[in-house]
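Structure, as structure tokens:
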Amino acid sequence: MAEYRAELRKLAGQVMEVMDENLGLPKSYIKNAFNSGGEEAFFGTKVSHYPPCPKPEMVNGLRAHTDAGGVIMLFQDDVVGGLEVLKDGEWFDVQPMRNSIVINTGDQVEVLSNGRYKSAWHRVQAKPDGNRRSIASFYNPSMKATIAPAPQLVENGGVGVEAFGYPEFVFGDYMSVYAEQKFDPKEPRFQAVRAM
């Protein structure tokens with residue numbers, strides 16, 4: 001597991017560098033933002049098990065939510081599905097694929113990119129057959145990191161911080177709000193952290 005986590009942490013760094021390039025930001029901009037505040041970014045891993053459910057229509061599974069952090073890498077079960085993403089108001093299955101990593105962006109990447117990257121709404125549906133297992137690894141800002149849209153992505157007189165509602169905030173404060181509003185729309189989270 002230690003070896004796996006080390007490789008996933010490297011992959012997260014590579015993904016952030018590609019996002020920097022796509023956004024026209026200096027190399028390591030996102031990584032440096034996550035490491036601000038005098039602490040190193042947080043990298044954690046969570047293993048989940050979803051047992052078979054005889055009546056999946058009566059269960060919510062893991063409710064729809066966006067992830068609070070930065071870059072999420074999911075090694076999902078390669079046989080039993082259940083992960084779904086919301087796109088244009090419709091839920092789509094994320095088909096299990098052998099030896100693949102599903103990459104998701106969290107709320108902090110949405111803020112840093114000034115809305116150019118969105119944190120994806122997703123959920124896990126209960127399934128009647130088979131045990132589903134997943135390993136999710138999260139590369140998140142340090143709790144003391146200050147998060148705000150990259151200045152290069154805030155256009156004068158155009159789409160800016162106030163238009164999207166992305167305030168500058170400390171990630172630890174955002175996590176306090178998120179803990180209470182995880183399954184609620186994300187826009188009020190940004191408004192709540194602005195008021196702190």
Side-chain angles (χ1 to χ4, degrees), residues 12 15-16 19-20 22-23 25 29-46 48 59-74 83-92 94 102-125 134 136-196:
V15 167
M16 288 185 285
M19 288 191 288
D20 289 334
N22 286 343
L23 293 167
L25 297 173
Y29 183 91
I30 295 171
K31 186 175 184 178
N32 291 338
F34 283 7
N35 285 307
S36 68
E39 290 182 356
E40 192 172 317
F42 171 80
F43 186 80
T45 299
K46 176 178 82 171
S48 298
V59 176
N60 272 336
L62 179 58
R63 293 186 295 169
H65 64 285
T66 61
D67 291 323
V71 176
I72 302 88
M73 293 151 298
L74 179 71
L83 177 63
E84 296 180 344
V85 293
L86 185 65
K87 183 177 182 336
D88 299 326
E90 189 175 340
W91 288 101
F92 292 91
V94 178
V102 176
I103 298 177
N104 183 20
T105 54
D107 295 345
Q108 306 317 300
V109 169
E110 181 171 331
V111 172
L112 285 167
S113 72
N114 199 25
R116 285 165 176 82
Y117 284 108
K118 299 289 187 190
S119 55
W121 282 94
H122 57 285
R123 66 185 184 186
V124 178
Q125 297 289 77
S134 67
S137 296
F138 304 85
Y139 194 105
N140 292 344
S142 77
M143 293 301 267
K144 293 183 178 179
T146 298
I147 303 297
Q152 302 91 319
L153 303 178
V154 178
E155 302 166 10
N156 293 331
V159 177
V161 177
E162 295 304 318
F164 274 127
Y166 301 126
E168 180 176 302
F169 55 86
V170 173
F171 180 61
D173 292 340
Y174 186 81
M175 287 305 293
S176 296
V177 171
Y178 182 84
E180 295 180 12
Q181 299 180 17
K182 177 177 181 173
F183 300 108
D184 296 336
K186 59 186 164 183
E187 291 77 13
R189 292 183 223 150
F190 297 131
Q191 292 168 2
V193 80
R194 171 179 290 141
M196 295 179 93

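Throughout, numbering of the chain's residues begins at 1 and tracks the sequence.
- Contact check for Ser137 versus Phe43: side-chain heavy atoms found under the 4.5 Å cut-off.
- When all heavy atoms of Ala33 and Ala145 are compared, the closest pair comes out as O-CB, 3.5 Å.
- The NZ atom of Lys182 lies 14.0 Å from the CD atom of Glu180; values are rounded to the nearest 0.5 Å.
- Remark: Phe42 CZ to Ser142 OG distance equals 11.5 Å, nearest 0.5 Å.
- With sequence neighbours left out, Arg123 forms a side-chain hydrogen bond (donor to acceptor under 3.5 Å, both in side chains) with Glu84.
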Discussion item. If you apply the rule side chain to side chain contact (heavy atoms under 4.5 Å, CB included), what do you find for Met16 with Phe34, and how did you get there?
Written reply: CA-CA 11 Å; Met16 288 185 285; Phe34 283 7; 4.0 Å; yes
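- What you find for Leu25 and Ala150 is that their closest heavy atoms are CD2-CB, 3.6 Å.
- Although no hydrogens or angles enter the test, the distance criterion places no donor-acceptor pair under 3.5 Å between the side chain of Asn114 and the main chain of Pro149.
- In this structure, Tyr174 and Arg189 have side chains that are in contact, with non-hydrogen atoms separated by less than 4.5 Å.
- Taken from CG in Leu74 to CG in Asn104, the straight-line distance is 8.5 Å, to the nearest 0.5 Å.
- The heavy-atom pair separating Pro188 from Gln181 by the smallest distance is C-OE1, 3.9 Å.
- In this structure, the side chain of Thr105 does not engage the main chain of Val109 through any donor-acceptor pair within 3.5 Å.
- Residues satisfying the salt bridge (Lys or Arg N to Asp or Glu O under 4.0 Å) criterion with Lys31, sequence neighbours excluded, are absent altogether.
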Practice prompt. Start with the C-alpha gap between Phe190 and Tyr166, add the side-chain angles, then the distance that decides, and say whether ring-ring contact (aromatic ring centres under 6.0 Å, His included) holds.
Written response: CA-CA 6 Å; Phe190 297 131; Tyr166 301 126; 5.2 Å; yes
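- Nearest heavy-atom pair, Leu153 versus Leu112, reported as atom, atom and distance to 0.1 Å: CD1-O, 3.7 Å.
- For the pair Tyr29 and Leu23, the minimum side-chain heavy-atom distance is 4.5 Å or more.
- Atom-to-atom distance recorded for Leu83:CG and Phe92:CZ is 13.5 Å, nearest 0.5 angstrom.
- Considering only residues two or more places apart in sequence or on other chains, Asn32 meets the side-chain contact (heavy atoms from CB on, under 4.5 Å) condition with Ser28.
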Practice prompt. Take Val71 and Met19 through the test side chain to side chain contact (heavy atoms under 4.5 Å, CB included) and record every step on the way to the result.
Written response: CA-CA 10 Å; Val71 176; Met19 288 191 288; 3.6 Å; yes
Discussion item. Using the rule given for side chain to side chain contact (heavy atoms under 4.5 Å, CB included), can you reason through Val111 versus Phe169, listing the C-alpha separation, both sets of side-chain angles and the distance that settles it, and then say yes or no?
Written reply: CA-CA 10 Å; Val111 172; Phe169 55 86; 4.1 Å; yes
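- Taking the side-chain hydrogen bond (donor to acceptor under 3.5 Å, both in side chains) definition, one finds that Tyr139 meets it with nothing, sequence neighbours left out.
- If you take CG on Asp184 and NE2 on His65, they are separated by 13.0 Å, rounding to the nearest 0.5 Å.
- For Ser119, the side-chain hydrogen bond (donor to acceptor under 3.5 Å, both in side chains) criterion is met by Asp107, Glu110, Lys186, not counting sequence neighbours.
- Between Asn140 and Gln108, the closest side-chain pair of non-hydrogen atoms is not below 4.5 Å.
- The salt bridge (Lys or Arg N to Asp or Glu O under 4.0 Å) check on Lys144 picks up Glu39, with sequence neighbours excluded.
- Atoms CZ and CG, from Phe183 and Leu62 in turn, are 5.5 Å apart once rounded to the nearest 0.5 Å.
- Checking side-chain atoms of His122 against main-chain N and O of Leu86 turns up no donor-acceptor pair under 3.5 Å.
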